[in-house]
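Notes follow the structure.
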Amino acid sequence: MPDVPRFRFAPSPTGMFHVGGARTALHNWALARRLGGTFVLRIEDTDAARNRPEWTQGIIDALAWIGISSDDSHFEGPHFQSEYAAAHLEAAQRLFDAGCAYYCDLTGDEVQQRAKELGVSGYGAWSRDRGLGPGPGRVLRFRVPGGTTVVHDLVRGDVSFDNAAIEDFVLVRGNGAPVFLLANVVDDIEMGITHVVRAEEHLPNTPKQQMLWEALGHEPPVWAHVPVLVNEQRKKLSKRRDKVALEQYRDEGYLPEAMVNYLMTLGWTPPGAEERGSEIASWAEMEGAFRLEDVNTSPAFFDIKKLAAFNGEYIRALSLDEFVRLAEAELPDDWDRDRFAAIAPHIQQRLTTLKEVPGVVDFLFLPDGADVAIDDASWAKAFQPDWAVPLLSDVIDAYGSVEWTADALKTALEQVMETYDIKLGKAQAPVRVAATGRSVGPPLFESLEVLGRGETLRRLRVAHERAAGAGAAGGG
RNA sequence: GCCCCCAUCGUCUAGUGGCCUAGGACACCACCCUUUCAAGGUGGCGGCACGGGUUCGAAUCCCGUUGGGGGUGCCA
């Protein structure tokens with residue numbers, strides 16, 4: 001009778017959720033669901049400094065954001081490593097009783113000192129046969145057996161380690177607290193974990209953990225080590241130097257679906273991507289096809305540019321209603337929602353992130369009577385041609401009585417520009433800068449329609465006055 | 001130092017001995033479209049790290065070199 005596969009995701013709270021962690025969580029999640037198994041969340045909070053409730057909540061929230069939540073029947077947890085402290089110590093005792101571990105009274109400094117004097121590397125197993133019992137300050141070390149440990153890894157195949165190169169590692173600290181290696185294995189055994197899917201950086205730990213599983217009388221789980229995510233310098237993504245917090249991307253207006261899709265493409269290709277000419281795929285498609293055996297073995301560069309491209313695609317794919325709803329969350333409270341809804345369809349296809357929304361429409365939400373902030377470079381270019389000022393003057397006249405719709409506004413400008421024998425692309429420039437302050441932005445006539453006749457005319461007049469004045473001063 | 005992993009366009013990848021004069025995506029460039037900017041369309045640039053084998057045949061298998069990364073804690 002085959003057991004239900006049990007995967008686990010075991011982050012330690014650090015105050016932010018690493019994108020690399022998000023990816024391995026996604027891998028575990030996809031497998032747990034596709035195989036009808038369970039995704040077990042365990043918070044590794046043994047280190048007292050990492051035991052902050054708000055940090056734990058941060059992990060739960062981050063997981064929920066990428067679609068991994070306790071609402072789903074495949075989700076189990078959160079469990080807390082600290083709750084298994086008794087089991088850790090009990091396991092340590094069993095290991096000692098069975099002769100698989102021994103006590104050692106050398107401090108870290110002493111070990112280093114001796115290694116240096118004797119010219120050996122690592123711990124020299126000095127206390128192996130001293131028959132020491134437990135005592136204050138004494139650590140419990142694992143007695144690494146001879147031979148070779150072979151790790152069967154779903155991503156990498158068989159990886160073998162010569163046990164002679166593995167030192168007798170510490171299981172329990174001098175203060176009686178178990179270390180990660182032991183706690184991790186004991187927890188996995190206690191929770192009936194069958195698959196350990198994690199990042200490659202843990203591969204060197206694996207032979208040690210496998211020996212522990214065996215010494216504790218259990219079959220090791222299925223191992224899988226996915227490649228690490230790296231930065232431009234090809235170094236592992238780190239909290240210190242790289243932008244790795246999932247929360248930060250969320251706050252910058254990335255959609256969770258885009259983030260999830262992008263993360264899954266690192267080291268793996270969604271089904272049919274080549275035929276479709278696109279790596280964009282739904283979670284259902286990816287979940288249905290994801291296999292560890294298909295995951296690449298080399299490190300992947302976390303490319304924000306590509307993430308941004310994915311995000312743009314996802315924003316464009318939103319229904320208008322959904323887009324408006326999400327975009328409104330980025331707007332200042334006092335901005336008129338109806339006014340935003342009117343311009344929304346014209347900006348949706350021009351965005352990379354939701355965070356950009358206020359910046360592209362802010363000219364529509366100025367306080368009464370306030371002048372637009374004019375971008376100097378845009379102004380200089382728009383009013384460079386001789387025809388700019390007279391054209392603006394004509395536009396002001398025409399816009400005084402034209403029907404106030406985008407189409408009519410466009411037609412009116414087209415009539416005006418004929419006199420000057422210029423194309424719309426050029427003719428719209430002075431009007432755009434006058435009304436919006438910038439040379440780029442949402443489609444002009446649609447923007448003016450939303451702005452309204454009164455305010456549009458006011459801004460055009462202010463600009464005309466300024467441009468005409470400058471022209472006169474410059475000419476004289 | 002020691003242990004382990006990795007090596008296809010700038011980047012992410014497809015490729016598991018002949019379908020590869022190596023395919024797709026992002027980025028970049030050009031053109032088209034166009035109401036600025038995007039989006040969209042078309043096209044382009046660009047890669048199997050190197051050296052030996054094995055084989056009728058190698059991006060694919062083996063060995064070596066070089067390069068990169070990870071780990072080497074009484075952190076997790």
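In this text, all values refer to a predicted model and were calculated from it rather than measured experimentally.
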**Report entry** Electrostatic pair A/R453:A/E403 at N-O distance under 4.0 angstrom
**Finding:** no
Query raised in the report: Counting distance only, does the side-chain N/O of A/K239 pair as donor-acceptor with the main-chain N or O of A/T14 below 3.5 Å?
Result: yes
Query - Nearest-Å distance for atom pair NE2/P, residues A/H202 and B/C3 - result: 23 Å
Query raised in the report: In whole Å, what separates the P atom of B/A49 from that of B/G44?
Result: 25 Å
Requested in this report: Using the closest heavy atom to pick a nucleotide of RNA chain B for each, name whichever of A/K426 or A/F161 lands nearer the 5' end.
Outcome: A/F161
Query raised in the report: Any side-chain N or O of A/K236 less than 4.0 Å from the OP1 or OP2 oxygen of B/G70?
Result: no
Query raised in the report: On a whole-Å scale, what distance lies between the P atoms belonging to B/U72 and B/A59?
Result: 39 Å
Query raised in the report: When you compare B/G40 with B/G15, how far apart are their P atoms, in angstrom units rounded to a whole number?
Result: 27 Å
Requested in this report: For residues A/L424 and A/K410, determine if any side-chain heavy atom of one lies less than 4.5 Å from a side-chain heavy atom of the other.
Outcome: yes
Query - Side chain of A/T265 - closest among B/C6, B/C12, B/A76 - result: B/C12
Report summary line: Each nucleotide of nucleotides 37-46 of chain B classed B (base within 4.0 Å of a protein heavy atom), S (only sugar-phosphate) or -, in 5' to 3' order, makes BBSS------
Query raised in the report: Roughly how far apart, to the nearest Å, are B/G41 and B/G46 at atom P?
Result: 24 Å
Query raised in the report: B/G23 and B/U8: how far apart are their C1' atoms, nearest whole angstrom?
Result: 11 Å
Report summary line: note: A/D158, atom CG; B/C5, atom C1'; distance rounded to Å ~ 14 Å
Report task. Tell me whether the OP1 or OP2 atom of B/C5 has a side-chain N or O from A/R234 closer than 4.0 Å. Result -> no
Query raised in the report: Going from CZ on A/R143 to OG on A/S127, what distance comes out if it is rounded to the nearest 0.5 angstrom?
Result: 10.5 Å
Report summary line: Regarding the side chain of A/R173, the nearest nucleotide among B/A76, B/U8, B/C3 is B/A76
Query raised in the report: Using purine N1 to pyrimidine N3 plus N6-O4 or O6-N4 for Watson-Crick, or N1-O2 and O6-N3 for G-U wobble, each under 3.5 Å, what pairs with B/C50?
Result: B/G64
Query raised in the report: Mind checking the P distance from B/U54 to B/G73? Whole angstroms is fine.
Result: 44 Å
Report summary line: Picking from B/C6, B/G70, B/U35, the nucleotide nearest the side-chain atoms of A/F445 would be B/U35
Requested in this report: Indicate, with a heavy-atom threshold strictly under 4.0 Å, whether A/R438 touches base, sugar-phosphate, or nothing.
Outcome: nothing
Report task. Round to the nearest Å and state the distance from A/I304 atom CD1 to B/A25 atom P. Result -> 23 Å
Query raised in the report: Counting side-chain heavy atoms from CB outward, which of B/A76, B/C74, B/C12 is closest to A/T107?
Result: B/C74
Report task. Please determine, for B/A38, whether a Watson-Crick or G-U wobble partner exists with both distances under 3.5 Å, and give it or none. Result -> none
Report task. Could you check which of B/U35, B/G24, B/C6 has an atom nearest any side-chain atom of A/P299? Result -> B/C6
Query raised in the report: Within the structure shown, what part of the strands sits under 4.0 Å from A/V170 by heavy-atom distance: base, sugar-phosphate, or nothing?
Result: sugar-phosphate
Report task. Take atom C1' in B/G67 and the same atom in B/G24, then report the distance between them in whole Å. Result -> 27 Å
Query - 4.5 Å side-chain heavy-atom contact, A/M286 and A/T265 - result: no
Query raised in the report: For A/L266, which contact category applies under a 4.0 Å heavy-atom criterion: base, sugar-phosphate, or nothing?
Result: sugar-phosphate
Query raised in the report: Choosing from B/C74, B/C26, B/A25, which nucleotide comes nearest the side chain of A/R141?
Result: B/C74
**Report entry** Below 4.0 Å: OP1/OP2 of B/A7 and any side-chain N or O of A/T297
**Finding:** yes
Query raised in the report: Once you round it to whole Å, what is the distance between P of B/G71 and CG of A/L203?
Result: 11 Å
Requested in this report: Just call it for A/A429: base, sugar-phosphate, or nothing, with non-hydrogen atoms closer than 4.0 Å on any strand.
Outcome: nothing
Query raised in the report: Closer to the 5' end of RNA chain B via nearest nucleotide, is it A/G277 or A/R138?
Result: A/G277
Query raised in the report: Between A/F142 and A/Y123, is the ring centre distance below 6.0 Å?
Result: no
Report task. Give one of base, sugar-phosphate or nothing for A/G312, where a contact means two heavy atoms less than 4.0 Å apart. Result -> nothing
Query raised in the report: Between B/A14 and A/N296, is there an OP1 or OP2 to side-chain N/O distance shorter than 4.0 Å?
Result: yes
Query raised in the report: Looking at A/F39, does the NZ or CZ of A/R8 lie under 6.0 angstrom from its six-membered ring centre and within 45 degrees of the ring axis?
Result: no
Query raised in the report: If you look at every heavy atom in A/P13 and A/I43, which pair is closest and at what distance?
Result: CG-CG2, 3.5 Å
**Report entry** Euclidean distance for C1', B/U11 against B/U21 (whole angstrom)
**Finding:** 25 Å
Requested in this report: Answer yes or no: does a side-chain N or O of A/K305 lie under 4.0 Å from OP1 or OP2 of B/A27?
Outcome: no
Report task. Classify the side chain of A/E446 versus the base of B/U35 as yes if they form a donor-acceptor pair under 3.5 Å and no if they do not. Result -> yes
Query - Nucleotide nearest A/T269 when distance is taken to its side chain, options B/G69, B/A14, B/C26 - result: B/A14
Query raised in the report: When all nucleic acid strands are considered with a 4.0 Å heavy-atom cut-off, which category describes A/G425: base, sugar-phosphate, or nothing?
Result: sugar-phosphate
Query raised in the report: How long is the line joining CG of A/L307 and P of B/U13, in whole Å?
Result: 14 Å
Query raised in the report: Roughly, in whole Å, what's the span from CZ in A/F169 to P in B/C75?
Result: 15 Å
Query raised in the report: Measuring from A/I189:CD1 to A/L212:CG, what's the distance to the nearest 0.5 Å?
Result: 7.5 Å
Query raised in the report: Hey, does the side chain of A/N231 reach the backbone of A/L237 with a donor-acceptor pair shorter than 3.5 angstrom?
Result: no
Report summary line: Here the distance between atom P of B/U13 and atom CE of A/M264, to the nearest Å, is 13 Å
Query - Atom of A/F363, atom of A/A435 and distance for their closest heavy-atom approach - result: CD1-O, 4.3 Å
Query raised in the report: Base, sugar-phosphate, or nothing for A/S160, non-hydrogen atoms under 4.0 angstrom?
Result: sugar-phosphate
Report task. Once you apply the 3.5 Å cut-off to both distances, tell me the Watson-Crick or G-U wobble partner of B/G73, or none. Result -> none
Query raised in the report: Rounded to the nearest Å, what distance is computed from the CD atom of residue A/E274 to the P atom of nucleotide B/C26?
Result: 13 Å
